Every structure is written in structure tokens, then in C-alpha cells.
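Written out below as C-alpha cells is the structure these notes cover.
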Amino acid sequence: MADSQIILQQPLAGKLTATALSDQPPATVVDSRDVWPIDAKTGRSRLAVRPGYATIGSLAGAAGFAILGNASGEPGGIQLFAFTSSGAYTWTGSGWGYAGGSLTASASRTIHAASYGNKLYVACNDPYKSITYGGSPTTWNPTSIPTNCRIISRFGPRLVLLADPANPDDVNFSKADDPDGWDTSDETSGGAVTISIGEAATSAFEHTRGCFIVGTRHGMWVFRGNPKSATAILEKFTFVSGPINSSAWCKAADEWVYYIGIDGLYKIPPGCGDPPQEVSRNRIPDGLLGLDGVNSKAYLVYNERFRGVEIHIQGDNAASWFYDVDGGGFWPMTAPGSGILAAFRFGPLDSTTAAGSLIGTSAAVMRLDNTQPLGGASAAYATLLMPLAQPGNKGLITKSVQQFAANTDDTGGTVALYCGATAELATALTTDRKESVTIGELQNNNSTWYPRVGGTFAALKITQADTAKHWALEAGSFTAAANGIERGE
């Protein structure tokens, strides 16, 4: 029987646990850490160590970010703010500058703010604060304003306050064109109004085509039109799940919204009240379950530079993922730090090397930067699964080719083949049927080696040796010869 050829087809599609191991396409990535299907250093689709996280400025404990949309002295007329539990800071272009004044928020609380006119309104601990461009936080406490709300947003000409623990189902809209108008006794069509949705609100955001969406842990509501008008539309458009907490969603390219619900990652199309679509259950059905928004909180941000959604889970079931929007794959990552309380994208910080997607940790504000090595103590790796023969038969790998890109300098990294009678045995990575080689040895031998190890399935594991160095797999192939019956020995 002629030898069979197995070609590694890129781009690879990330972790997949929703189908049987033995049914997956050749070279499926069945396990990985800190590896992406994109070589960020070149932008090419190939399996590679992801970029490292770099600090941006010097600010510890950022618990929220917001943009002031009327800042005439700033590039583009907008200014980026960060908030800690004790103050407000502005991005100066090279670092974080203290805005002065006072601002307080409870520990472990994400701070939200909304821009309206020439001010930024901050839903910190009572009293709330407002900040004018170039100024410091000042008390914002107009007559009749709902107090102790955890979320502030904007819907057209109105500010919106919600998520007061004492009145968790109330959604409070300010007077139209007046962020200081909160008197609900005003019966005019532009007056302030409070609407109860009958469920505790967890999140809120403007969506496309004049919609305002309020999420709960068990559904989502959409507001259309003037909320004070008798013709306003309030509709619950999904009854399964909504964002589990206030930072468990993000806007992505083409106005899609991604969010973490109680049973995984969903996406909402750009329409007005179109139902969300499951994302993670189709690929990693158990990967993002068991999150309640209280003991487990999610922080999402869209990464335009690297075309994916960063997902960081804090608390119980802590984990970090990169969801590849184009390829549909989930790629496990090491978190950029502990104590994450906020994630936010500021587009002007996107560059040819770094992302404008910011993660606030207890130690610093972080972002992915492809000039930054992975770093840390945990080496990146990827394990790929390949069938070598029909079930019950055995294939012997006589030749293996792994071509690494020219930017690969992790010569001590290892390429190991593990074979087994079943897919599960191969991916268990036992050493009884194992051969390995270093990346450096491959580079010195025309990318070729001759392992002569076999089974019905083979797992190829590429492991980084030095987290300060990089590898990227450009191409690969395997030659397998028929080797009789697989006896499981």
C-alpha cells in the first residue's frame, strides 16, 4: 500500500471539544496555551506564539475607562479617562495624568461613565461625579436623580442610570437634552421617566438603528423610540440569557455585540432586537459555563488590531480566552494579571504593533503588543491531532516536516510526536510511543526528521522553550506507511 501524506492546513481553528476526537479534521488543535492562528509579528495566518502583554503608562488598579467625546484640545476631539477606586486619570498621549478632585468607588466594583455634551458623568459611589474637559471631578447631584446606580449609559438625547441594588429592575431615563433633569413628574414627552422591567438589570448599551438594550442574567430587553412616549416599544427579545455582569459584553467590528451569558459566549447581530446566536457551545460546550456574574465575572473587549475578542474571567472558574472572530476558534491564554476590573477599547491607541484594547489589572493597564515577548513562567504550546490509519490499523510516521518561519528564534523549543491506538491515547501524551526533536535541529536539517513512531492516531505537540523568544509554524507534512494491525501494545 502506498504511503499516505498528511498536510497541515492553515489557518487552524482553535480548541474544539464539541465533537469526538476521532472525527476531527487532520491537524486540529486539541489543546493549546498562548498560541494563536495568527503570527502577530507578520499578520500571516499561521500557528504562532501570541504577542505578550505590555504596560501602557503607569496606573495600578484601573476599575473603569471612558471617553469624553467633547475634548477640543485632544487629537480627534476625544479624551480617554481611567478610573480607580480613588480617582480619575486622563491619557496624555504618553502616560496617565491625575485629574485632581475626588472620586470614590467600592473595591472590586467596575466604574462606568457616559459622555454627554462637554461632560463625562461617572457612576461612582454617591455622590456621582461629572468632569468637564480640562477639569477635575465635581459632585453631580441634581434634584431627583436616582442614587446608588452602578451603571450609567446614554440613549440618544438622554442619560440612563440603572442597576441600583435597592431597585435593580428600574431603568431611569433623564429628561431629553438635559442630563440634570430627573423629575419624573414632568408629563411632557421629553420628561424624565423610570421604567421597570421586572428583572434585575446587569448591563446596558446602545445598539444599532435607535435601540437601547438592557441585559439581565436570564434575558435581554430592547427599548425603541422615546421612552416617555405612549408609542415607545419595550420588548423582551431573548428569554435564555443576557450578559452576566456589566462588563461581560463588547462591541466588535460591523456593530456585532459579543457577550458572556450563563451558558457561554453569544453574539448579537447589528439589527434592533434580533435574537443572539450561540458561539461557544458549538465548539467548547463546557468551556464558559458556570459563570454567575457574582462569584465569576467576565470582562470582554474587542481587539481590532488582532481581530478577536479578549475574554477574561475572574473569580471562580478563572480563565482567559482569545476568540478569533474570522476563524471562529477559541484559544486559551494566560491572563495579563490579577484583579481585572475593566476592559475597554480606545481606537486611537491601535497601531501597527499594539492593540488599543486595554485591560485594567491591580498592577497596571495592559495591552497586547507584538513587540513584547510572551514572558512569564508558562511556556506556550499547541497540540495537533492527526489520523494515521483506519481504526484497527496502524500507520508508521517515516518522515515529518515542520517548517518554522524566519522570525522563529526559539531554537530550544521542542516538536514531539505521540502516537496511540486511539485518539484519546495519542492526546494523553504518554511516552511509550514518543519521539521528539528541537526546533533548532529542524532548522539545521531542512525542516525534516524521521521519527519512525506509529499508531492509529498521532498528536504533534510544539512547546516553547524560552518565553522571551518566538516560534511560528509556516507549514508541515507527515508521511505515514501502513504498518499492519494496531494491537494496542
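All values derive from a computational prediction rather than experimental measurement. Position 1 is the first residue of the sequence; numbering continues from there.
Contact detail for Leu8 and Ala27: the closest heavy-atom pair is CG-CB, 4.1 Å. For the residue pair Ser296 and Asn317, the shortest heavy atom distance occurs at OG-ND2, 3.8 Å. Contact record, Ala248 with Leu300: O-CD2, 3.8 Å, taken as the closest heavy-atom pair. Between Ala459 and Ala426, the shortest heavy-atom distance links the atoms CB-O, 3.5 Å.
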*Test side chain to side chain contact (heavy atoms under 4.5 Å, CB included) applied to Leu460 and Thr383, step by step*: CA-CA 5 Å; Leu460 176 75; Thr383 304; over 6 Å; no
*Between Tyr128 and Ile145, does a side chain to side chain contact (heavy atoms under 4.5 Å, CB included) hold up when you go through it step by step?*
CA-CA 10 Å; Tyr128 306 133; Ile145 190 169; 3.7 Å; yes
*Test side chain to side chain contact (heavy atoms under 4.5 Å, CB included) on Arg217 and Val294 and set out the steps.*
CA-CA 11 Å; Arg217 290 191 184 93; Val294 178; 3.4 Å; yes
_Verdict with supporting geometry, Thr90 and Tyr98, side chain to side chain contact (heavy atoms under 4.5 Å, CB included)_ = CA-CA 7 Å; Thr90 59; Tyr98 181 53; over 6 Å; no
*Would Trp36 and Phe306 count as a ring pair (Phe, Tyr, Trp, His ring centres under 6.0 Å) if you check the C-alpha gap in whole Å, the side-chain angles of each, and the deciding distance to 0.1 Å?*
CA-CA 10 Å; Trp36 283 1; Phe306 300 117; 5.6 Å; yes
_Set out, in order, the CA-CA distance, both residues' side-chain angles and the distance that settles salt bridge (charged side-chain N to carboxylate O under 4.0 Å, His left out) for Asp34 and Arg50, then state yes or no._
CA-CA 6 Å; Asp34 294 322; Arg50 70 159 173 84; 2.9 Å; yes
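With hydrogens and angles ignored, the 3.5 Å screen pairs a side-chain donor or acceptor of Thr84 with a backbone N or O of Ser86. In this structure a side-chain-to-backbone donor-acceptor pair under 3.5 Å is present from His207 to Pro269. Ser32 contributes no side-chain N or O that, together with a main-chain N or O of Tyr381, makes up a donor-acceptor pair within less than 3.5 Å. Under the 3.5 Å distance criterion, the side-chain polar atoms of Thr467 are left unmatched by any main-chain donor or acceptor of Ala379. A donor-acceptor pair under 3.5 Å is absent between the side-chain atoms of Asn118 and the main chain of Asn70, judged by distance alone. Checked by atom type and distance alone, the side chain of Asp164 never pairs as donor or acceptor with a backbone atom of Asp170 at under 3.5 Å. In this structure, the side chain of Gln79 does not engage the main chain of Leu68 through any donor-acceptor pair within 3.5 Å. Not a single donor-acceptor pair under 3.5 Å links the side chain of Thr55 to the backbone N or O of Ala364. In terms of modelled atom types and a separation under 3.5 Å, the side chain of Gln10 and the main chain of Leu47 share a donor-acceptor contact. Not one N or O on the side chain of Thr28 forms a donor-acceptor pair closer than 3.5 Å with the backbone of Val30.
Ring-plane geometry between Tyr323 and Phe330 is classed as tilted, the angle between the planes lying from 30 to 60 degrees on a 0 to 90 degree scale.
Residues Cys250 and Val257 fail the side-chain proximity criterion, which asks for heavy atoms closer than 4.5 Å. In this structure the side chain of Phe457 never reaches within 4.5 angstrom of the side chain of Thr427, judged on heavy atoms. Between His218 and Val240, every side-chain heavy-atom pair lies at or beyond the 4.5 Å cut-off. Residues Ile152 and Val160 fail the side-chain proximity criterion, which asks for heavy atoms closer than 4.5 Å. In this structure, the side chains of Leu349 and Arg367 come closer than 4.5 Å at one or more pairs of heavy atoms. Using a 4.5 Å heavy-atom threshold, the side chains of Trp256 and Ile268 count as separate. Taking 4.5 Å as the limit, every side-chain heavy atom of Phe212 sits out of range of all side-chain heavy atoms of Val222. Considering only heavy atoms from C-beta on, Val29 stays 4.5 Å or farther from Lys15 through its side chain.
To the nearest 0.5 Å, atoms OG (Ser108) and CG (Leu341) are separated by 6.0 Å. Interatomic distance, Thr17 OG1 to Gln24 CD, rounded to the nearest 0.5 Å: 8.5 Å. In this structure, CD1 on Ile311 lies 5.5 Å from CG on Leu288, to the nearest 0.5 angstrom. Here Ile131 contributes atom CD1 and Ser136 contributes atom OG; the two are 8.0 Å apart, rounded to the nearest 0.5 Å. Between the CD1 atom in Ile213 and the CZ atom in Phe223 there is a gap of 11.0 Å [rounded to 0.5 Å]. For the atom pair Leu120 CG and Ser115 OG, the distance stands at 6.0 Å (nearest 0.5 Å).
Asn141 and Thr139 form no side-chain donor-acceptor contact under 3.5 Å, judged by distance and modelled atom types alone. Donor-acceptor pairing under 3.5 Å is recorded for the side chains of Asn226 and Arg158. Side-chain contact, Asp263 with Tyr266: a donor N or O sits under 3.5 Å from an acceptor N or O. Between the side chains of Asn172 and Thr194, at least one donor-acceptor pair of N or O atoms lies under 3.5 Å. Residues Ser246 and His112 bring a donor and an acceptor atom of their side chains to less than 3.5 Å of each other. Counted by atom type alone, Asp169 and Ser196 present one or more donor-acceptor pairs between their side chains at under 3.5 Å. Using modelled atom types, one finds a donor on one side chain and an acceptor on the other under 3.5 Å when comparing Trp221 with Glu199. Counted by atom type alone, Asn125 and Arg109 present one or more donor-acceptor pairs between their side chains at under 3.5 Å. Tyr133 and Glu74 share a donor-acceptor pair across their side chains, judged by distance under 3.5 Å alone.
Applying the side chain to side chain donor-acceptor pair (under 3.5 Å) test to residues at least two apart or on different chains, the pairs with a partner in residues 276-292 are Asp292-Asn295.
Within the cation-pi definition used here (under 6.0 Å to the ring centroid, within 45° of the axis), Arg154 qualifies as a partner of Tyr116. Figure legend: cation-pi geometry between Lys251 and Phe205 absent, as NZ or CZ is not positioned both under 6.0 Å from the six-membered ring centre and within 45° of its axis.
For the pairing with His470, the side-chain contact (heavy atoms from CB on, under 4.5 Å) check across Asn370, Leu374, Asp39 returns one residue only, Asp39.
Taking the charged nitrogens against the carboxylate oxygens, Asp350 and Arg305 have no contact shorter than 4.0 Å, which rules out a salt bridge.
Proximity of the aromatic rings of Trp96 and Trp91 is defined here by a centroid distance below 6.0 angstrom, and this criterion is met.
Judged as a side chain to side chain contact (heavy atoms under 4.5 Å, CB included), and not counting sequence neighbours, the contacts of Ser130 are Lys119, Tyr121, Thr138, Trp140.
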